[in-house]
Amino acid sequence: MRIKDILRTERLGEHVTVKGWVRTRRNSAQVTFVELNDGSCMSNLQLVFDSGLLEGLNIGTGTAVEASGLLVESPAPKQPVELRGETLSIIGETASDYPLQKKRHSLEFLRDIAHLRPRANTFGAVFRIRNILAQAVHRFFHERGFLYLNAPIITTSDCEGAGEMFHVTNFNLDDPPRDPKGAVAWDRDFFGKPAALTVSGQLEAEIFATSLGNCYTFGPTFRAENSNTSRHLAEFWMIEPEIAFADLSDDMDLAEEFIRALIRATLDEGMEDLEFFDQRIQKGLIDMLKRLADASFTRITYTDAIAELEKAGDRFEFKPYWGADLQSEHERYLTEEVYDGPVFVTDYPKDIKAFYMRVNDDDKTVAAMDCLIPRVGEIIGGSQREERYDVLLKRIQDLGLVEADYWWYLDLRRYGSIPHAGFGLGFERMVQFVTGMANIRDVIPFPRTPGNAAF
RNA sequence: UCCGGUGUAGCUCAAUCGGCAGAGCAUGCGGCUGUUAACCGCAGGGUUGUAGGUUCGAGUCCUACCACCGGAGCCA
């Protein structure tokens with residue numbers, strides 16, 4: 001049986017067999033205590049043996065064992081039940097240089113041993129919560145009739161424009177084919193043109209939203225930026241819903257409901273792990289999540305946000321003014337101090353936003369929205385898409401983009417164009433938010449960052 | 001990429017003004033009547049991130065580089 005099921009059902013008086021890894025061992029001449037963990041939950045199962053029974057067995061921290069015995073009420077207060085052990089056999093011994101101790105390790109050290117860190121309490125909890133969230137994402141959209149779309153990972157469209165891209169080629173880079181002038185002959189590469197890893201599935205999602213209706217993507221995303229922060233990865237997972245016959249307000253309604261659903265799933269299914277995070281990682285975490293599970297999020301226009309920031313202008317390193325993008329310090333002030341919770345900032349100046357965002361009637365702003373949350377910052381970026389052919393074409397031209405590259409994107413506006421909207425939610429940032437983990441590298445199994453792709 | 005900080009035993013950290021490199025945990029051995037990061041005793045364990053430099057003498061001061069952390073930019 002798995003330890004989670006044993007503890008949940010409290011089968012006192014039953015004989016059970018468990019398999020797992022030894023977390024710690026304490027022994028006296030008479031009695032030996034072995035704490036066993038099998039990853040099914042945070043709690044260990046305490047095994048109690050007559051010391052004579054374990055004579056000669058090397059069962060240090062990390063050893064894989066199988067044990068059986070009688071489940072009894074524990075006389076000590078720290079655990080409700082324990083296993084009065086009758087047999088114990090070693091499945092896999094552990095060398096004496098096993099790096100994980102029962103003491104607390106630094107997250108930086110554990111990151112260097114990513115093949116072992118899921119065996120540490122913190123990371124077991126992180127990845128169980130991450131799993132709950134991933135399942136909840138699909139459940140949320142499935143219950144609402146959204147179509148799950150697998151957007152391509154390799155792309156040849158250079159109109160994504162969301163950042164530096166990783167190139168994909170099967171050329172021998174020491175000696176690539178060249179044309180008569182000596183330039184690399186990309187037309188002879190695998191896809192007949194330069195290709196790269198996707199930076200967003202949004203444009204493909206728009207194709208499906210304007211044919212099959214509401215849909216979403218949930219897949220890996222790649223950015224080759226030289227970003228070195230606690231909230232950026234070169235490979236991360238993003239959820240991008242795209243909704244048909246919808247405007248920006250519908251988009252925010254969806255985003256808000258989505259985040260609340262994810263928080264509720266975590267509270268419903270991950271409470272034992274949340275208690276660990278609340279106690280060890282971020283005090284007050286559970287209260288905050290409970291508060292947000294039912295709260296509606298603040299919505300404020302960019303213009304009003306600037307006015308709010310100007311009132312506190314002296315405290316900022318960078319003075320806020322209309323037309324400038326919000327600095328991190330501005331975003332943190334809004335979400336952490338003014339509203340103390342998630343905030344949607346909407347209707348940004350069009351000059352600082354992407355070409356595909358719908359131009360508002362004032363012709364100065366676009367129907368964009370960013371959702372800011374405490375500690376993490378921007379967790380969602382979204383917009384209503386420009387569905388008017390003429391307006392979109394003018395935006396492409398004004399920004400100096402190559403019209404021909406966008407032929408199929410423009411086609412969607414020529415054939416039965418509809419208002420539609422969507423957003424991207426950074427999955428790891430969501431995991432950070434509900435666990436309180438400070439560094440994004442600690443909420444993805446194997447982080448990829450500049451200079452690091454180990455394991 | 002920019003600014004700031006840190007780098008000492010397997011891990012977490014001390015080391016005063018430039019003057020004998022230490023502790024706890026982990027590991028090994030022994031002890032201990034039910035432990036809870038168990039406890040008690042003993043033992044082994046070091047190219048002080050790397051390469052130079054100053055000095056009678058450098059973990060400590062100087063230069064360069066590397067790694068990590070925090071903040072910024074880019075964004076999700």
Side-chain angles (χ1 to χ4, degrees), chain A residues 23-35 43-44 46-52 58 60-62 72 74-79 82 84 94-113 116 120-121 160-164 199-202 217-240 255 280 316-318 325-332 352-354 370-373 376-382 423-433 438-444 449-452:
Chain A
R23 276 297 173 78
T24 174
R25 171 196 187 179
R26 298 176 290 273
N27 62 287
S28 69
Q30 310 296 323
V31 184
T32 294
F33 299 90
V34 175
E35 289 210 31
S43 296
N44 303 323
Q46 176 165 283
L47 319 178
V48 191
F49 285 94
D50 289 341
S51 292
N58 177 21
T61 302
V72 298
S74 178
K78 280 224 173 179
Q79 58 280 322
E82 62 188 27
R84 185 157 293 280
T94 283
S96 64
D97 61 353
Y98 185 60
L100 287 175
Q101 305 165 20
K102 43 195 162 187
K103 207 180 95 172
R104 186 181 170 81
H105 290 285
S106 70
L107 297 171
E108 293 80 16
F109 169 67
L110 291 168
R111 214 175 286 149
D112 288 337
I113 50 169
L116 297 174
N121 282 337
E160 301 202 26
E164 289 293 311
V199 295
S200 166
Q202 177 197 320
T217 71
F218 183 5
T221 310
F222 307 89
R223 305 264 168 99
E225 305 286 349
N226 188 10
S227 292
N228 220 301
T229 80
S230 57
R231 37 182 206 289
H232 287 89
L233 292 164
E235 176 183 292
F236 63 100
W237 288 65
M238 186 155 66
I239 298 142
E240 296 181 282
R280 303 286 288 270
F316 299 121
E317 189 185 344
F318 298 95
D325 213 345
L326 298 182
Q327 300 283 323
S328 277
E329 56 175 343
H330 303 150
E331 296 182 344
R332 273 207 310 276
I352 59 174
K353 287 293 184 183
D370 284 356
C371 183
L372 312 176
I373 57 174
V376 176
E378 185 179 339
I379 193 171
I380 279 179
F423 63 83
L425 177 137
F427 187 55
E428 284 75 20
R429 290 184 181 178
M430 188 68 202
V431 181
Q432 277 189 277
F433 183 59
N439 196 314
I440 201 167
R441 300 167 192 211
D442 298 326
V443 298
I444 188 167
T449 52
N452 189 353

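Chain identifiers are assigned alphabetically (A, B, ...) following the order of the sequence lines, protein sequences preceding nucleic acid strands; residue numbering begins at 1 within each chain. It should be emphasised that the depicted structure is a prediction, and the values quoted were computed from it without experimental measurement.
Nucleic acid contact for Glu317(A): none, since no nucleic acid atom lies under 4.0 Å from a heavy atom of the residue. Contact annotation for Ser96(A): backbone-only contact, meaning every heavy-atom pair under 4.0 Å involves sugar-phosphate atoms and none involves a base. Across all strands shown, Ile380(A) has heavy atoms under 4.0 Å from sugar-phosphate atoms exclusively, and none from any base. Heavy atoms of Ser230(A) sit under 4.0 angstrom from primed sugar atoms or phosphate atoms, though from no base atom. Nucleic acid contact class of Arg441(A) (heavy atoms, under 4.0 Å, all strands): sugar-phosphate only. Nucleic acid contact for Gln46(A): base, since at least one base atom lies under 4.0 Å from a heavy atom of the residue.
The distance from atom CG of Asn44(A) to atom P of rU35(B) is 18 Å, rounded to the nearest whole Å. Per the geometry, CG belonging to Leu326(A) stands 15 Å off C1' belonging to rC74(B), to the nearest Å. One can place CZ of Phe433(A) at 18 Å from P of rA76(B), the figure rounded to the nearest angstrom. Summarising the geometry, the separation between CD1 on Ile440(A) and C1' on rG71(B) is reported as 17 Å, rounded to the nearest angstrom. Atom C1' of nucleotide rC74(B) and atom CG of Leu233(A) are separated by 14 Å, given to the nearest angstrom. With rounding to whole Å, Leu372(A) atom CG is found 14 Å from rC75(B) atom P. Remark: P of rA76(B) and CZ of Phe222(A) are 16 Å apart, rounded to the nearest angstrom. Atom C1' of nucleotide rC74(B) and atom CZ of Phe318(A) are separated by 14 Å, given to the nearest angstrom.
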Under 3.5 Å, N/O pairs linking protein and nucleotides 39-49 of chain B:
none

Write down the protein N/O and nucleotide N/O pairs, taken from nucleotides 8-15 of chain B, whose separation is under 3.5 Å; answer none if there are no such pairs.
| residue | atom | partner | partner atom | Å |
| --- | --- | --- | --- | --- |
| rG10(B) | N2 | Gln101(A) | NE2 | 2.4 |
| rC11(B) | O2' | His105(A) | ND1 | 3.1 |
| rU12(B) | OP1 | Ser106(A) | OG | 2.5 |

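Distances were taken from every side-chain heavy atom of Thr229(A) (C-beta onward) to each of rG73(B), rG34(B), rC75(B); the shortest belongs to rG73(B). Residue Asn228(A) places its side chain closer to rU1(B) than to any other of rU1(B), rG34(B), rU35(B). Comparing rG34(B), rU36(B), rA76(B) by their nearest atom to the side chain of Ser28(A) picks out rG34(B). When each of rG71(B), rU36(B), rA76(B) is scored by its nearest atom to the side-chain atoms of Arg332(A), the top-ranked nucleotide is rG71(B). In this structure, the nucleotide among rG34(B), rC74(B), rA38(B) sitting nearest to the side chain of Glu225(A) is rC74(B). In this structure, of rA72(B), rU36(B), rC74(B), it is rA72(B) that holds the atom nearest to the side chain of Gln327(A). Considering only side-chain atoms of Phe33(A), the nucleotide from rU35(B), rG73(B), rU36(B) that sits closest is rU35(B).
Stacking between Phe427(A) and the base of rA76(B) is absent under the criterion of ring centres within 5.5 Å and planes under 30 degrees.
Nucleotides rU50(B) and rU8(B) place their P atoms 10 Å apart, quoted to the nearest Å. If you take atom C1' in rC42(B) and the same atom in rU54(B), they sit 44 Å apart, rounded to whole Å. Comparing the same atom, P, in rA43(B) and in rG22(B) gives a spacing of 14 Å after rounding to whole Å. Between rU16(B) and rG59(B), the two C1' atoms lie 14 Å apart (nearest whole Å). Nucleotides rG49(B) and rA21(B), compared at atom P, are 16 Å apart to the nearest Å. Comparing rU27(B) with rG10(B), their C1' atoms sit 9 Å apart, to the nearest whole Å. With both ends at atom C1', the span from rG71(B) to rC13(B) equals 25 Å, rounded to whole Å. If you take atom C1' in rC32(B) and the same atom in rC68(B), they sit 43 Å apart, rounded to whole Å.
Taking Tyr98(A) as the reference, nothing meets the ring-ring contact (aromatic ring centres under 6.0 Å, His included) condition, with sequence neighbours excluded. The side-chain contact (heavy atoms from CB on, under 4.5 Å) search around Pro99(A) returns Phe109(A), Ile113(A), Leu116(A), not counting sequence neighbours. Evaluation of the salt bridge (Lys or Arg N to Asp or Glu O under 4.0 Å) rule for Glu428(A) yields Arg130(A) as partners, not counting sequence neighbours. Evaluation of the side-chain hydrogen bond (donor to acceptor under 3.5 Å, both in side chains) rule for Thr94(A) yields no partner, not counting sequence neighbours. Checked against ring-ring contact (aromatic ring centres under 6.0 Å, His included), Phe423(A) has no partners two or more places apart in sequence or in another chain. Residues satisfying the salt bridge (Lys or Arg N to Asp or Glu O under 4.0 Å) criterion with Glu331(A), sequence neighbours excluded, are absent altogether. With sequence neighbours excluded, the residues that form a side-chain hydrogen bond (donor to acceptor under 3.5 Å, both in side chains) with Gln79(A) are Ser74(A). Thr32(A) meets the side-chain contact (heavy atoms from CB on, under 4.5 Å) test with Arg25(A), Asn27(A), Val34(A), Ser51(A), Leu54(A); sequence neighbours excluded. For Arg280(A), the side-chain contact (heavy atoms from CB on, under 4.5 Å) partners are Arg104(A), Phe276(A), not counting sequence neighbours.
At the phosphate of rA38(B), OP1 or OP2 sits under 4.0 Å from a side-chain N or O atom of Thr24(A). Side-chain nitrogen and oxygen atoms of Arg280(A) include none within less than 4.0 Å of the OP1 or OP2 phosphate oxygen of rA37(B). Proximity of Asn439(A) to the phosphate of rG70(B): a side-chain N or O atom is located under 4.0 Å from OP1 or OP2. Arg26(A) has a side-chain polar atom (N or O) that falls below the 4.0 Å cut-off from OP1 or OP2 of rA38(B). Phosphate contact (OP1/OP2 of rA26(B), side-chain N/O of Lys102(A), threshold under 4.0 Å): present.
Residue Gln432(A) forms a side-chain contact (heavy atoms from CB on, under 4.5 Å) with just one option from Ile373(A), Ile444(A), Val443(A), and that option is Val443(A).
Under 3.5 Å, the side chain of Ser227(A) and the base of rC74(B) form at least one donor-acceptor pair of N or O atoms. Under 3.5 Å, the side chain of Glu82(A) and the base of rG34(B) form at least one donor-acceptor pair of N or O atoms.
Contact of the Arg429(A) side chain with the Ile440(A) side chain is registered, since non-hydrogen atoms from C-beta on lie closer than 4.5 Å.
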Which nucleotides of RNA chain B pair, in dot-bracket form (Watson-Crick or G-U under 3.5 Å, | meaning another strand): (((((((..((((.....[..)))).(((((.......))))).....(((((..]....))))))))))))....
